[in-house]
2 protein chains.
Amino acid sequence: MPEQKLKRPRTGRPDASPTLEDVAQRAGVSTATVSRCLNDPARVSEVTRTQVLKAVDLLGYAPNFGARALAAKRTDTFGAIIPTMENAIFARGLQAFQEELERNGITLLVSSSSYSPELEEKQIRALIARGADALLLIGHDRTQQSYDLLERKRIPHVIAWSIAPDVPRTSIGFDNRTAMKTLTHEVLALGHRHLAVISAPRAGNDRARDRCRGVVDAMVQHNFDPDRLRIIETPYSISNGAEAFQTLVTTASRPTAVLCGNDVLAAGALTRARELGLRVPEDISITGFDDIEIAQIVSPGLTTVHVPHRQMGTHAAKLLVAMRNNEYADDPASSVELDATIKWRDSLGPVPETGANTTD
Amino acid sequence: MPEQKLKRPRTGRPDASPTLEDVAQRAGVSTATVSRCLNDPARVSEVTRTQVLKAVDLLGYAPNFGARALAAKRTDTFGAIIPTMENAIFARGLQAFQEELERNGITLLVSSSSYSPELEEKQIRALIARGADALLLIGHDRTQQSYDLLERKRIPHVIAWSIAPDVPRTSIGFDNRTAMKTLTHEVLALGHRHLAVISAPRAGNDRARDRCRGVVDAMVQHNFDPDRLRIIETPYSISNGAEAFQTLVTTASRPTAVLCGNDVLAAGALTRARELGLRVPEDISITGFDDIEIAQIVSPGLTTVHVPHRQMGTHAAKLLVAMRNNEYADDPASSVELDATIKWRDSLGPVPETGANTTD
DNA sequence: AGAGAAAATGTAAGCGCTTACATTCATCAC
DNA sequence: GTGATGAATGTAAGCGCTTACATTTTCTCT
């Protein structure tokens, strides 16, 4: 009986996964050869390769990820932290992001922060511990510690869904502020003087903040007093949008146009308008932001800002891959600004001639 | 100078992450103590603990996940593979799933299979290699190899969004077939005789298949010839729903009720109906399935089947945690069936008295 | 005070993989 | 034939952590 050279005689457990060593033994080669066979097939001769591959197949071998990461110091894993998966815009962008990564042999780890910077910091830590080679983050609002961490560990990362012209960070997105300003200009041009906005909570959410600022920008530019702008903040949901809308229109000085921070809120507003017997846009105008599917199926169709979600995801992935490969390391100059354009549909119209809008 | 006992003198690289050993040294204890301090604080004395924690903080130490998994043979990571993140129903369930896992200190890894069993098999492999302790899967349709793999590696897993009474697998969900059958009964009870369905592609998707079967079941039960049922398959999207609807109503024998396999398809149908000048439900009835937000904001409101998405996610997480902890290992008996109920809104009405529906 | 138990800590052996370096062996120019 | 060359493979040292086991310290009780 030939001397067995088993360091670790396999236990009887049938569920134990086969290891590199098992494969090596089976194929009659060293573990190094098996490893090479799997990671760099060209360096192994034709015959051994088939031998090894056969053994792999037979044993149903799959490399242990942790061990590989430990030894190779590289995981081929990227992470993404989004505020919530329930928001279609992130879901869509993320899907595109993932598809692009897939093409590069990279696995994606996702977690959601529920719009909390503290939670996000925790998630960043977790993702780094898991060996994420690079990270996709949403927006610029986060704790300083988060940034420090990223810096210290030299984790390539890009910030999506928002660009901040003055911040030296690689980001990919569009200018929420300018987009909203442009929309507001249109609203103003249609004669509306009494505006209101329904926004997502602005704390910890620079996109929401920028959008509100955009409205103010436009008003100021037209010499209107921005202090008269009523802003209601409420979390992302149809019913919240509906509630906010109702609050807005049942006050003494009802606005003639309601600008919503996103389509979901706008959809809620639209629904409630109908329930209240208000015609859109004859009696009141409503606008959205994002241009998700919902915007085209509500009636009237929602005039909104179209955001290239999928494009952002794909682009972010490419950028991140390049950064990891050090092709152009962390250069903020590689940031890209995409266009967000107004998508005209029917929910925005001229200000009503007469009606409830008082000009006290 | 006291003898340094540094196995691996730290290189000058400032970006290298501190290791357990660094912390141990700093705190003047052994690595074992640090490890215990982090994983089982009770086993360490108060004073050492604070010392260690201080060192951890100072160094910004975060454990290396791969190494930990390798040594502990446990990752505290669960995986989930969903068909696509773009479908709101999965996104929502997944969010709930994740929240529940979070409460148990478990991290979630997500990937999407694009409705392809082959791709899903690949993802399962990847997730297992990454050390997922347990898996959440959608539906029962997958390759035999996938099941074998799960079996062989003894990976606890639950199947969600679908229950198959006759299959011995732990699953959590509702009975798609019966739910659709119930809905169809209602449609039939309203006098409709000429039905059609717009379904998601049935290959590799047991939910879609079951829903179609449910329609047939009801028809058979009423002694109607199911061969006359027109079924159009088309991928999940609003515009596809619209197209399918148009095809359906422009044929010679137009149906009086169109049952859609999901709300998104139904929303498309509804939109197109409006564009075509067809009144819903006066001229034609349309139903959906899932009861996502979209169903309540379209007009008329969509009569659909309400599915408890979040509940499913939460429950699945609890089940999986229990399974991993061996509380009741893999017992199919622990499957749970949730209720899916009809959500009445306005898109389903009585069959029109007169009209285009021929009874050739 | 001293034995024995319990608590706290240290020692060191892996976990499954990659990879630098060493070894073997066939090939080839001269 | 010989040494140089390079391709193919093997050897073994870790990667950063957990944990069984050994050792030391502290406490408890008579």
> Measure from CZ on A:Arg49 to C1' on D:dA7 and round the result to the nearest Å.
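From A:Arg49 CZ to D:dA7 C1': 13 Å.
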> On the nucleotide D:dA8, are OP1 or OP2 found under 4.0 Å from the side-chain N or O atoms that A:Thr48 carries?
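No, outside the criterion.
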> Mind calculating the distance between CD (B:Gln51) and P (C:dG10) to the nearest angstrom?
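One finds 12 Å between P of C:dG10 and CD of B:Gln51, rounded.
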> Reckon A:Ser35 has a side-chain N or O less than 4.0 Å from the OP1 or OP2 of C:dT18?
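Checking A:Ser35 against C:dT18: at least one side-chain N or O falls below 4.0 Å of OP1 or OP2.
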> Just wondering, more than 12 heavy atoms not from B:Arg26 lying within 6.0 Å of its CZ?
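At most 12 heavy atoms, drawn from other residues, nucleotides or ligands, come within 6.0 Å of this atom.
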> If we ignore angles and hydrogens, is there a donor and acceptor under 3.5 Å between the side chains of B:Ser116 and B:Ser113?
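Short answer, no.
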> Report which part of the nucleic acid B:Phe65 touches: base, sugar-phosphate, or nothing (heavy-atom distance under 4.0 Å, all strands).
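Result for B:Phe65 = nothing.
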> Round to a whole Å and report the spacing from CG of A:Leu38 to P of C:dT18.
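Whole-Å distance recorded here is 7 Å.
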> How many Å lie between CG on A:Asn64 and P on C:dG14, as a whole number?
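Atom-to-atom, A:Asn64 to C:dG14, this comes out as 18 Å.
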> What is the distance from CD of B:Glu46 to P of D:dT26, rounded to the nearest Å?
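So the CD-P distance, B:Glu46 to D:dT26, works out to 16 Å.
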> Can you find a side-chain donor-acceptor pair between B:Glu99 and B:Gln95 that sits under 3.5 Å?
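Side-chain D/A pair, B:Glu99 to B:Gln95: present.
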> For A:Phe97, is the NZ or CZ atom of A:Arg92 found under 6.0 angstrom from the centre of its six-membered ring and inside 45 degrees of the ring axis?
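The answer is no; the distance or angle limit is not met.
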> Over how many whole Å does the gap from A:Asp76 atom CG to C:dC17 atom P extend?
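Checked: the CG to P distance equals 16 Å.
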> Where the side chain of A:Leu20 is defined as all heavy atoms beyond and including C-beta, which of C:dC17, D:dC17, D:dT9 is the nearest nucleotide?
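Nearest listed nucleotide: C:dC17.
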> Assign B:Ala72 to base, sugar-phosphate, or nothing according to its heavy-atom contacts below 4.0 angstrom with the strands shown.
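Counting heavy atoms under 4.0 Å across all strands, the contact made by B:Ala72 is with sugar-phosphate only.
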> Would you tell me if any nitrogen or oxygen in the side chain of A:Ser45 comes within less than 4.0 Å of OP1 or OP2 on D:dT9?
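Affirmative; the distance criterion is met.
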> Flag yes if more than 12 heavy atoms outside B:Gln145 fall under 6.0 Å of its CD atom; otherwise flag no.
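Yes.
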> Verify the contact: side-chain N or O of B:Lys73 to OP1 or OP2 of D:dT19, cut-off strictly under 4.0 Å; return yes or no.
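Negative; the distance criterion is not met.
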> Closer than 4.0 Å, any side-chain N/O of A:Thr19 to the OP1 or OP2 of C:dG16?
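Indeed not, no polar side-chain atom of A:Thr19 lies that close.
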> Looking at A:Asn39, I'd like to know whether one of its side-chain N or O atoms comes within less than 4.0 Å of OP1 or OP2 on C:dT18.
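Answer is yes, contact under 4.0 Å.
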> How about B:Glu121 and B:Thr143: does a side-chain donor come under 3.5 Å of a side-chain acceptor?
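A donor-acceptor contact under 3.5 Å links the two side chains.
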> Starting at CD of A:Gln25 and ending at P of C:dG16, how long is that distance when rounded to a whole Å?
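Computing the A:Gln25:CD to C:dG16:P distance gives 14 Å.
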> Which sits closer to the 5' end of DNA chain D, B:Ala67 or B:Arg36, going by the nucleotide each is nearest to?
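Here B:Ala67 is the residue nearer the 5' end.
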> In whole angstrom, what separates A:Leu59's CG from C:dG16's C1'?
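Answer to the nearest Å: 14 Å.
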> Could you work out which one of C:dC17, D:dT9, D:dA12 sits closest to the side chain of A:Ala32?
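That would be D:dA12.
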> Taking the nucleotide of DNA chain C with the nearest heavy atom to each, does B:Val29 or B:Leu70 sit closer to the 5' end?
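Comparing both residues, the 5'-ward one is B:Val29.
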> Should A:Thr33 be listed as having a side-chain N or O under 4.0 Å from OP1 or OP2 of D:dG10?
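So the side-chain polar atoms of A:Thr33 do come within 4.0 Å of the phosphate oxygens OP1 or OP2 of D:dG10, strictly under.
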